[in-house]
Amino acid sequence: MTRNINPSPSTVNITHIAPQIIQTKFGDINGDGFFDTVFLMGTKTTESPLWRNVTLVVFYGQTRQFQQIALKQNVGYNPTIFLGDLTGDHIEDILVISDTGGSGGIINGEIFSSRNGTLLSIFDTESFNNKLTYSVNYLNNYKASVSSTNPKKRYILDLSYKGPDYLAEIYNKDGTLKQPIEGWVDPISGLYPVDYARDGTYQLLAYQEIAGRYHADGLGYVENILKWNGQEFVVDRQTVSIFGEDLA
């Protein structure tokens with residue numbers, strides 16, 4: 001399966017630069033018992049660590065044939081491949097991740113899985129981010145709430161560890177807000193395969209940073225564990241982690 005992506009008019013012309021192999025992995029990605037070679041390829045100018053035209057290339061060990069697959073997001077920093085069973089069918093899937101280079105450390109991630117001998121894209125972070133919606137609101141008495149719609153949960157964060165100077169900018173002396181404040185939750189900034197049950201099937205641990213008044217005003221992270229349900233990846237468990245107070 002190959003997807004064609006039209007280049008942006010603003011994209012620098014780098015057609016004269018030959019593609020390079022970024023990373024190589026070996027594994028059986030279609031369950032035929034033969035090792036396949038998975039390449040991540042792209043083009044990079046000498047002036048920047050940014051990779052463009054990032055492409056997945058598979059050399060099948062049994063048929064000796066190549067397959068080239070364009071990524072939905074084919075520009076990024078530090079592209080990497082992970083091979084492992086993410087869907088529970090005992091066949092290795094392909095996870096490709098790259099950094100966007102934007103604020104918040106946002107990543108691009110895409111998963112490919114063999115279906116009836118065809119390698120298909122079954123997950124990408126851009127589409128999944130649209131399914132994860134949150135609201136962040138500061139509350140009286142040095143608190144903030146983080147609400148998630150998928151799943152429907154609410155978390156209350158204690159902001160008192162931020163210190164008196166921070167709190168004085170936001171709260172009156174009686175603990176009431178000087179004015180309403182809304183924060184936000186970033187798109188996925190970390191996606192890590194974890195075999196929680198140690199059974200050979202990986203789930204995905206996705207991190208999203210919680211921001212307060214501005215991006216550097218971090219309040220913690222939403223952590224979603226994503227699990228394949230037979231059709232798609234869904235949130236299996238969700239938690240919120242907070243930053244700790246530095247002790248003298």
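Side chains included, hydrogens not; waters and symmetry mates left out as well; all remaining heavy atoms used.
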Query raised in the report: Are R213 and E169 ion-paired here, with the side-chain N under 4.0 Å from a carboxylate O?
Result: yes
Query raised in the report: Hey, does the side chain of T87 reach the backbone of W228 with a donor-acceptor pair shorter than 3.5 angstrom?
Result: no
Query - L191 vs L95 side-chain heavy atoms within contact, under 4.5 Å - result: yes
Query raised in the report: Do Q208 and Y134 have a side chain donor and acceptor closer than 3.5 Å?
Result: yes
Query - Pairing of D36 and K25 as salt bridge, 4.0 angstrom limit - result: no
Query raised in the report: Nearest 0.5 Å, what's the CD1-CD distance between I107 and E126?
Result: 12.5 Å
Query - Any donor-acceptor N or O pair under 3.5 Å, side chains Q67, Y60 - result: yes
**Report entry** Backbone N/O of L226 and side chain of Q203: donor-acceptor pair under 3.5 Å
**Finding:** no
Query raised in the report: Pick from F233, F112, F123: which one makes a side-chain contact (heavy atoms from CB on, under 4.5 Å) with L86?
Result: F233
Query raised in the report: Can we call the ring centroids of Y142 and Y171 under 6.0 Å apart?
Result: yes
Requested in this report: Check the side chains of E223 and S241 for a donor-acceptor pair under 3.5 angstrom, ignoring hydrogens and angles.
Outcome: yes
Query raised in the report: Is a side-chain donor-acceptor pair under 3.5 Å present for S113 with D93?
Result: yes
Query raised in the report: Taking atom CD of Q20 as the centre, does the number of heavy atoms from other residues, nucleotides or ligands within less than 6.0 Å exceed 12?
Result: yes
**Report entry** Residue pair Y196, R237: steps toward the side chain to side chain contact (heavy atoms under 4.5 Å, CB included) verdict
**Finding:** CA-CA 12 Å; Y196 288 97; R237 300 193 302 276; 4.2 Å; yes
**Report entry** S189 and D186: side chain donor to acceptor below 3.5 Å
**Finding:** no
Requested in this report: Ignoring hydrogens and angles, state whether a donor on the side chain of S121 or E110 is under 3.5 Å from an acceptor on the partner side chain.
Outcome: yes
Requested in this report: Check the surroundings of atom CZ in F35: do more than 12 heavy atoms from other residues, nucleotides or ligands lie under 6.0 Å from it?
Outcome: no
Query raised in the report: Do I22 and W51 have side-chain heavy atoms sitting under 4.5 Å apart?
Result: yes
Query raised in the report: Is the closest side-chain heavy-atom distance between E209 and H215 below 4.5 Å?
Result: yes
Query raised in the report: Taking atom types as modelled and ignoring hydrogens, do the side chains of T125 and N129 form a donor-acceptor contact shorter than 3.5 angstrom?
Result: no
Query raised in the report: Of all heavy-atom pairs between A206 and I188, which one has the smallest distance, and what is that distance?
Result: CB-CD1, 4.1 Å
Query - side-chain hydrogen bond (donor to acceptor under 3.5 Å, both in side chains) assessment of S127 paired with N130 - result: CA-CA 5 Å; S127 299; N130 294 330; 5.5 Å; no
Query raised in the report: Any side-chain donor-acceptor pair under 3.5 Å between Q238 and Y155?
Result: yes
**Report entry** Side chain N172, main chain D174, donor-acceptor under 3.5 Å
**Finding:** no
Query raised in the report: If you take all heavy atoms of L219 and A144, which pair is closest and at what distance?
Result: CD1-CB, 4.4 Å
Query raised in the report: V185 versus V136: any side-chain heavy-atom pair under 4.5 Å?
Result: yes
Query - Pairwise side-chain contact, N74 with T55, heavy-atom cut-off 4.5 Å (strictly under) - result: no
Query raised in the report: How about K162: does its NZ atom have over 12 heavy atoms from other parts shown lying under 6.0 Å from it?
Result: yes
Requested in this report: Flag yes if more than 12 heavy atoms outside K143 fall under 6.0 Å of its NZ atom; otherwise flag no.
Outcome: yes
Requested in this report: Evaluate the ring planes of Y202 and F82, with Trp represented by its six-membered ring, and classify them as parallel (under 30°), tilted (30 to 60°) or perpendicular (over 60°).
Outcome: perpendicular
Query raised in the report: Do D124 side-chain atoms and F128 backbone N/O form a donor-acceptor pair below 3.5 Å?
Result: no
Report task. Determine the interplanar angle of the Y207 and Y192 rings, folded into 0 to 90°, and report it as parallel if under 30°, tilted if 30 to 60°, perpendicular if over 60°. Result -> perpendicular
**Report entry** Polar contact flag, side-chain donor to acceptor under 3.5 angstrom, N116-T118
**Finding:** no
Report task. Can you establish whether the number of heavy atoms outside D246 located under 6.0 Å from its atom CG is more than 12? Result -> no
